[in-house]
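In what follows, a structure is listed as structure tokens, so that the remarks can point back to it.
All chains are named by letter (A, B, ...) in the order of the sequence lines, taking the proteins before the strands, and each is independently numbered beginning at 1. The figures that follow rest on heavy atoms only: side chains count, while hydrogens, waters and symmetry mates do not.
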Amino acid sequence: MAKKFATRKENYSQWYNDIVINADLAEYSAVRGCMVIKPYGYSIWEEMQRVLDKKFKDTGHSNAYFPLFIPKSFFNKEADHVEGFAKECAVVTHYRLKESEDGKDLVADENARLEEELIVRPTSETIIWDTYRNWVQSYRDLPILVNQWANVVRWEMRTRLFLRTAEFLWQEGHTAHATKEEALEETKTMLNVYTDFVENWMAIPVIQGTKSPNERFAGAVETYCIEALMQDARALQAGTSHFLGQNFAKAFDVKYLSKDNKREYVWATSWGVSTRLMGALIMAHSDDNGLVIPPKLAPIQVVIVPIYKNEEQFNRVSEVANRIKKEMQDQDIAVKYDNRDTQKPGFKFSEWEYKGVPVRLAIGPRDLDNQTVEVARRDTLEKEAYQLADITNKVKHLLESVQSNLYQKALDFRNENTHTADTWEEFKDVVNNKGGFVYAHWDGTAETEQAIKEETKATIRALPLDDKKEEGKCIYTGKPSERRVIFAKAY
RNA sequence: CGGGGUGUAGCACAGCCCGGUUAGUGCGCUUGCUUUGGGAGCAAGAGGCCGCAAGUUCGAAUCUUGCCACCCCGACCA
């Protein structure tokens, strides 16, 4: 009998938590709001990093590393930026501990107070732009195309594994350009990199758009985003790419001398994705049997489970299993032969299924006699006996098929959960009873957006990039509108 | 920061109201035998500052006070 975990229908957030914990992805730590990412979970993140890092480098970027700590005064320099992040900053005030009076405890040494307090970075724009000032003098120094892989801290009140934790891992790209056009192009290039990654590796369809002023990154002129839909019909922002204009260049006085010998402020972008993508991966594909990982990001793509009654059988099965393993490794398939003799086959089936391994092979005495392998695919749970001959190629195609099937399923789901609304009543009905993305007219004001949010909890997820102009009336105020925007309840 | 809840074995919990032998149950763990094509069975074991501190009492997991931590629901957010 299978162990009982929550199903999506019963309790969606419990289902999510069960998967994170029982698939061995992460666990709560001793530190409030912070998690331990366990080896299996981290290996998925490493796959994401590997793919993204290559894409960044292929588009001309280099990695660098900037400090974890940021002098408090840096934060004051860009007004919107401070306002956006001040409420969730961790502050370092002392640099030494000492024994307390009663000798039972350690306390911050009041004689070791920092002259200037340090902020633990919630994002690195300020420290980076303070640094870039020294890197830029001439147009010949531009562009600067730098990315950093780092941890950041945002002191959240309520946290959820991967989706929102006080500390999280991410990458942040920070670029500097001579012209506005070039910076804008960079912003869009990186949005496309993210789109390509999320759609073709994570197998999650996304909508590209820009953010409304309310949802825009603190300090950005324009925020581009990709929005994905989870299985509970809530939206999740999967990545953002910001056009920062000259805001940070002005705040940190970063100027260059142009060809015609004029002092000009540089133009900036920043862009990032975080371990939150792990949450997206889980919620987009997994089912009531556990995690489902798209093959292109699976740390283990194929697991081989031997079935045997005695040592003699085990040896014969292992011989075949090891041969298949070697053959697959030569074809760059990540394969694991689970030859533990401490667990039974049924246990292994369940375990690997719960951990989302895309393809499972089982080999037992019957297969040896018939020259077959039992092949099970995780996405559909279908099992089929394959002839042993040419198994590697067949599995390779199967992996491709799983990958595209997952994408198609996610796309179908999104299409089924995308609606339009033309009146306020209709809008409320869709948001409350159906969920999903709702295309609706909006008068373009922050007040209306705020009011809609307060009454329905739905926010504007994106002003889609590929939309067509369409005359209409704002669902809330009835004022004229030129286009539909996408509303949804979001993570 | 508001409202609610919980701290007892690695995990999930019972016991507390109504104080009284050696603090239990399930899962997990160890050992042995039998098993092995979808989470095995039987038997024998190991494992506890009952969140912390003080108080009441002959006696506290249980009653009182204080503290701490975490979880859930709201406001804020990638």
Side-chain angles (χ1 to χ4, degrees), chain A residues 1-5 11 13-14 17-18 21-22 27-34 83-89 102 104-105 122-123 151-172 194 211 214-218 220 223 225-228 235-242 270-280 289-290 305-311 313-314 317 340-355 360-370 372-376 381 383 385 453-454 457 459 461 490-491:
Chain A
M1 273 302 292
K3 266 187 196 165
K4 189 68 184 151
F5 294 120
N11 187 342
S13 54
Q14 186 62 47
N17 261 324
D18 282 351
I21 302 293
N22 293 302
E27 63 188 31
Y28 291 102
S29 72
V31 185
R32 173 202 177 84
C34 297
E83 201 184 324
F85 287 104
K87 281 178 289 184
E88 47 190 23
C89 284
D102 59 12
K104 284 181 183 167
D105 206 355
T123 179
N151 58 339
V152 288
V153 169
R154 298 181 186 175
W155 213 263
E156 299 290 349
M157 287 301 157
R158 293 198 54 206
T159 59
R160 292 194 64 191
L161 293 166
F162 287 118
L163 295 172
R164 186 173 303 110
T165 45
E167 179 191 18
F168 58 92
L169 305 183
W170 77 347
Q171 57 69 216
E172 44 180 329
Y194 289 153
K211 284 295 186 188
N214 274 355
E215 300 276 328
R216 194 175 285 154
F217 175 75
T223 287
C225 62
I226 50 176
E227 292 285 324
L236 185 134
Q237 179 176 298
T240 49
S241 182
H242 313 290
S270 68
W271 29 274
V273 295
S274 71
T275 37
R276 190 179 219 204
L277 288 179
M278 294 286 294
N289 297 300
V305 176
I307 291 154
Y308 54 93
K309 283 195 167 72
N310 51 48
E311 201 180 332
Q313 283 185 354
F314 175 70
V317 168
R340 289 175 294 176
D341 64 354
T342 50
Q343 315 292 348
K344 296 179 50 179
F347 179 92
K348 294 177 184 176
F349 289 176
S350 303
E351 182 178 13
W352 294 116
E353 188 167 287
Y354 206 86
K355 288 188 165 186
R360 183 191 72 227
L361 308 184
I363 307 173
R366 281 208 304 267
D367 296 298
L368 294 182
D369 293 343
N370 304 330
T372 57
V373 182
E374 184 192 84
V375 179
L381 299 170
K383 286 195 281 197
K453 181 180 175 182
E454 276 162 24
K457 296 204 172 120
T459 50
R461 300 322 304 154
Y491 276 95

My understanding is that only residues two or more places apart in sequence, or in another chain, count here; which of them pass salt bridge (charged side-chain N to carboxylate O under 4.0 Å, His left out) with R461(A)? E215(A), E227(A)

Mind checking what makes salt bridge (charged side-chain N to carboxylate O under 4.0 Å, His left out) contact with R160(A), not counting sequence neighbours? none

Work out how far the P atom of rU64(B) is from that of rG24(B), and round it to whole angstrom. 25 Å

Results of salt bridge (charged side-chain N to carboxylate O under 4.0 Å, His left out) for E27(A) - residues two or more places apart only: K38(A)

Length of the CG-P vector between L361(A) and rG38(B), whole Å: 16 Å

Please map the stems of RNA chain B, keeping only stretches of three or more Watson-Crick or G-U wobble pairs with both distances under 3.5 angstrom. B:1-7 with B:68-74, B:10-13 with B:24-27, B:29-34 with B:40-45, B:51-55 with B:63-67

Please produce a list of atom pairs where a protein N or O lies less than 3.5 Å from an N or O of nucleotides 75-78 of chain B.
from	atom 1	to	atom 2	distance (Å)
rC77(B)	O2'	E156(A)	OE2	3.2
rC77(B)	O2	R164(A)	NE	2.1
rC77(B)	O2	R164(A)	NH2	3.2
rC77(B)	N3	R164(A)	NE	3.1
rC77(B)	N3	R164(A)	NH2	2.7
rA78(B)	O3'	Q237(A)	NE2	2.4
rA78(B)	O3'	R276(A)	NH1	3.4
rA78(B)	O2'	R276(A)	NE	3.0
rA78(B)	O2'	R276(A)	NH1	2.1
rA78(B)	O2'	R276(A)	NH2	3.4
rA78(B)	N6	T165(A)	N	3.4
rA78(B)	N6	T165(A)	O	2.4

Take atom C1' in rC49(B) and the same atom in rA53(B), then report the distance between them in whole Å. 13 Å

C1' spacing across the pair rA75(B) / rG3(B), given as an integer number of angstrom: 12 Å

Integer-rounded Å distance: rA12(B) C1' and E27(A) CD: 16 Å

Output yes when a side-chain donor or acceptor of R164(A) lies under 3.5 Å from a complementary backbone atom of T159(A), and no otherwise. no

Specify the separation, in whole Å, of atom CG of N22(A) and atom C1' of rG28(B). 13 Å

Which nucleotide, rG38(B), rC71(B), rU36(B), lies nearest any side-chain atom of Y28(A)? rC71(B)

If you look at every strand shown and take non-hydrogen atoms under 4.0 Å, does R360(A) touch a base, only sugar-phosphate, or nothing? base

So, using ring-ring contact (aromatic ring centres under 6.0 Å, His included) as the criterion, who are the partners of Y491(A) when residues are at least two apart? none

Whole angstrom value for the distance that separates C1' of rU36(B) from CD of Q343(A): 12 Å

Could you give me the CA-CA distance, side-chain angles and deciding distance for E172(A) and V152(A), then say whether side chain to side chain contact (heavy atoms under 4.5 Å, CB included) is met? CA-CA 10 Å; E172(A) 44 180 329; V152(A) 288; 4.2 Å; yes

Who passes side chain to side chain contact (heavy atoms under 4.5 Å, CB included) against T223(A), sequence neighbours left out? K211(A), R216(A), F217(A), A220(A), T240(A), H242(A)

rA23(B) versus rU65(B) - spacing of their C1' atoms, nearest Å: 25 Å

In whole angstroms, the gap separating C1' of rU36(B) from CD of Q313(A) amounts to 10 Å

Trace of the side chain to side chain contact (heavy atoms under 4.5 Å, CB included) decision for L368(A) with V317(A): CA-CA 7 Å; L368(A) 294 182; V317(A) 168; 3.9 Å; yes

Residue set satisfying ring-ring contact (aromatic ring centres under 6.0 Å, His included) with W352(A), at least two apart, ordered chain then number -> none

In chain order, what residues pass the salt bridge (charged side-chain N to carboxylate O under 4.0 Å, His left out) check against E167(A), with sequence neighbours excluded? none

How far, in whole Å, is rC67(B) from rU21(B) if one measures between their P atoms? 32 Å

Between rA78(B) and rG39(B) - C1' atom distance, rounded Å: 37 Å

Under 3.5 Å, is there an N or O donor on one side and an acceptor on the other linking the side chain of K344(A) and the base of rG37(B)? no

Rounded distance in Å - CZ (F347(A)) to C1' (rG37(B)): 17 Å

Can you measure D341(A) atom CG to rU35(B) atom C1' for me and round it to whole angstrom units? 13 Å

Could you list the residues that satisfy side-chain hydrogen bond (donor to acceptor under 3.5 Å, both in side chains) with R340(A), not counting sequence neighbours? D338(A), E351(A)

Does E351(A) make a side-chain donor-acceptor contact with the base of rG39(B), cut-off 3.5 Å? no

Between the protein and nucleotides 2-11 of chain B, are there any N/O to N/O pairs under 3.5 Å, and if so, what are the atom names and distances?
none

In whole angstroms, the gap separating P of rU34(B) from CG of N310(A) amounts to 13 Å

With W155(A) via ring-ring contact (aromatic ring centres under 6.0 Å, His included) - residues at least two apart: none

Give me the distance, rounded to whole Å, that separates rU35(B) from rG47(B) when you measure between the C1' atoms they each carry. 27 Å

Could you tell me how far rC70(B) sits from rG37(B) if I compare only their C1' atoms? Round to whole Å. 44 Å

Counting only heavy atoms from other residues, nucleotides and ligands, does the tally under 6.0 Å from CD of E83(A) exceed 12? no

